[in-house]
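Chain letters run A, B, ... following the sequence lines, proteins first and then strands; every chain starts at 1.
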Amino acid sequence: MTARARRKPQPLATEFFDRDPRRVARELLGKLIVRRVGRQTLIARVVETEAYLGKNDLAAHSSSGRTKRNEVIFGPPGHAYVYFIYGSHYCLNVSCMPDGVAGGVLFRAVEPIAGIEAMAQARALEVTELHRLTNGPGKLTEALSITRADNGMKLTDATQSLYLAEDDFPKPRVKTTPRIGITKAADLKLRYLVVGNPFVSRA
DNA sequence: GAGGAGATCGTCT
DNA sequence: GACGATCTCCTCT
């Protein structure tokens with residue numbers, strides 16, 4: 001399936017990200033990730049996020065201070081923080097809070113909307129295995145061909161090959177749970193997901 | 001279906 | 001030199 005004849009998704013404003021990551025993580029649900037790969041446009045709807053706070057959050061990469069690796073989440077809001085983990089996976093975050101203050105939101109799962117064949121190809125899966133395509137942070141970056149090369153990219157600019165956009169999607173029902181895959185500060189309920197959506201990583 | 005462990009390598013101490 | 005915001009496969013029930 002190719003992209004439908006829909007009007008070009010409008011990018012979110014930088015101010016959208018210039019706020020507390022908890023609010024951004026919740027309000028990002030239902031928004032779109034737009035990715036251009038060559039001549040193709042891949043579109044996916046955000047259905048699961050996690051907030052990582054700059055201060056008082058031992059699970060966040062920023063908790064031990066600014067390093068070369070994590071400097072994007074200390075920088076201006078609305079930029080991509082992509083890191084490599086466990087020897088084989090990339091994870092995509094967007095920086096939040098004003099320049100100089102750490103904070104970010106991790107994209108944990110998305111729902112494929114357009115360019116599904118290309119996503120399946122990138123994941124080496126059959127198109128029929130839709131539910132396995134993007135239901136995890138490492139999976140969605142693979143499906144959208146996101147790597148360290150995208151680190152630091154501005155996500156509020158529709159001329160970029162990766163950006164975040166508004167959608168007409170009705171306001172979803174949101175559930176809050178503890179974050180997944182972490183050992184520190186694991187009790188904080190900073191994971192947000194769309195209730196009933198089959199593409200979340202874990203219900 | 002649930003649970004456990006290995007893979008694998010960039011980054012920081 | 002140790003560890004990690006994960007994924008997949010394998011085993012057990």
Side-chain angles (χ1 to χ4, degrees), chain A residues 17 20-26 28-29 33 44 46-75 77-97 101-112 119-153 155 162 164 174-194 198-203:
Chain A
F17 302 98
D20 189 297
R22 284 168 289 203
R23 223 174 133 190
V24 177
R26 175 182 289 270
L28 270 176
L29 297 177
I33 297 181
V46 180
V47 297
E48 182 179 339
T49 58
E50 279 180 4
Y52 284 87
L53 317 178
K55 286 182 179 175
N56 308 319
D57 185 358
L58 291 172
H61 287 178
S62 54
S63 66
S64 51
R66 188 172 187 151
T67 66
K68 192 174 164 111
R69 179 203 197 195
N70 67 19
E71 60 185 0
V72 175
I73 44 175
F74 285 86
H79 288 249
Y81 169 46
V82 183
Y83 64 89
F84 187 69
I85 194 165
Y86 295 120
S88 51
H89 303 291
Y90 293 100
C91 292
L92 172 67
N93 297 244
V94 58
S95 60
C96 299
M97 304 293 279
V101 183
V105 173
L106 167 71
F107 293 92
R108 283 199 56 88
V110 298
E111 174 180 350
M119 294 187 206
Q121 198 169 14
R123 291 267 297 125
L125 289 176
E126 298 297 324
V127 175
T128 51
E129 299 178 281
L130 251 194
H131 60 288
R132 291 179 54 201
L133 214 49
T134 53
N135 63 335
K139 298 181 190 180
L140 73 91
T141 53
E142 188 175 12
L144 297 174
S145 303
I146 293 168
T147 68
R148 269 295 272 183
D150 299 299
N151 189 52
M153 188 178 295
L155 298 177
L162 179 67
L164 296 165
V174 176
K175 184 176 169 184
T176 314
T177 79
R179 293 174 293 187
I180 289 181
I182 55 173
T183 52
K184 302 168 201 158
D187 54 325
L188 299 176
K189 294 178 81 172
L190 295 176
R191 172 173 173 251
Y192 303 84
L193 56 94
V194 176
F199 294 95
V200 300
S201 65
R202 267 193 62 196

Nucleotide-level pairing of DNA chain C, given in dot-bracket where Watson-Crick and G-U pairs need both distances under 3.5 Å and | marks other strands: ||||.|||||||.
Should we count CG of A:Asp187 as having more than 12 external heavy atoms under 6.0 Å? yes
Using a cut-off of strictly less than 4.0 Å, decide whether A:Arg191 has a side-chain nitrogen or oxygen near OP1 or OP2 of C:dA5. no
Ring centres under 6.0 Å, that's the criterion: do A:His61 and A:Tyr83 meet it? yes
If you measure from the Lys or Arg side-chain nitrogens to the Asp or Glu carboxylate oxygens, is any gap between A:Arg132 and A:Glu129 under 4.0 Å? yes
In whole angstrom, what separates A:Leu58's CG from C:dA5's C1'? 14 Å
Main-chain N/O of A:Val82 paired to A:Asn93 side chain as donor or acceptor, under 3.5 Å: no
Would you say A:Ser95's side chain and A:Gly78's backbone share a donor-acceptor pair under 3.5 angstrom? yes
Between C:dC3 atom P and A:Tyr83 atom OH, what is the distance in whole Å? 18 Å
Does the side chain of A:Leu190 reach to within under 4.5 Å of the side chain of A:Tyr52, using non-hydrogen atoms? no
A:Arg108 atom CZ is separated from C:dC7 atom C1', nearest whole Å, by 12 Å
Residue whose closest nucleotide on DNA chain C lies nearer the 5' end, A:Arg123 versus A:Gly181: A:Gly181
NZ or CZ of A:Arg179 within 45° of A:Tyr192 ring axis and under 6.0 Å: no
For A:Leu193 and C:dA5, what is the distance between atoms CG and P respectively, to the nearest whole Å? 20 Å
Rounded distance (Å) that lies between atom P of C:dT6 and atom CZ of A:Arg179: 11 Å
Find the distance A:Glu129:CD to C:dT8:P and express it as a whole number of Å. 10 Å
Rounded to whole angstroms, how far apart are NE2 on A:His131 and P on C:dC7? 14 Å
Where do A:Glu50 and A:Ile180 come nearest, in terms of heavy atoms and distance? OE2-N, 2.9 Å
Short question: side chain of A:Thr141, backbone of A:Tyr90 - any donor-acceptor pair under 3.5 Å? yes
Write down the distance between OH (A:Tyr81) and P (C:dA5), rounded to a whole number of angstrom. 9 Å
Reading nucleotides 6-13 of chain B from 5' to 3' and marking B where a protein heavy atom lies under 4.0 Å of the base, S where only the sugar-phosphate is that close, and - otherwise, the string is --BBSSS-
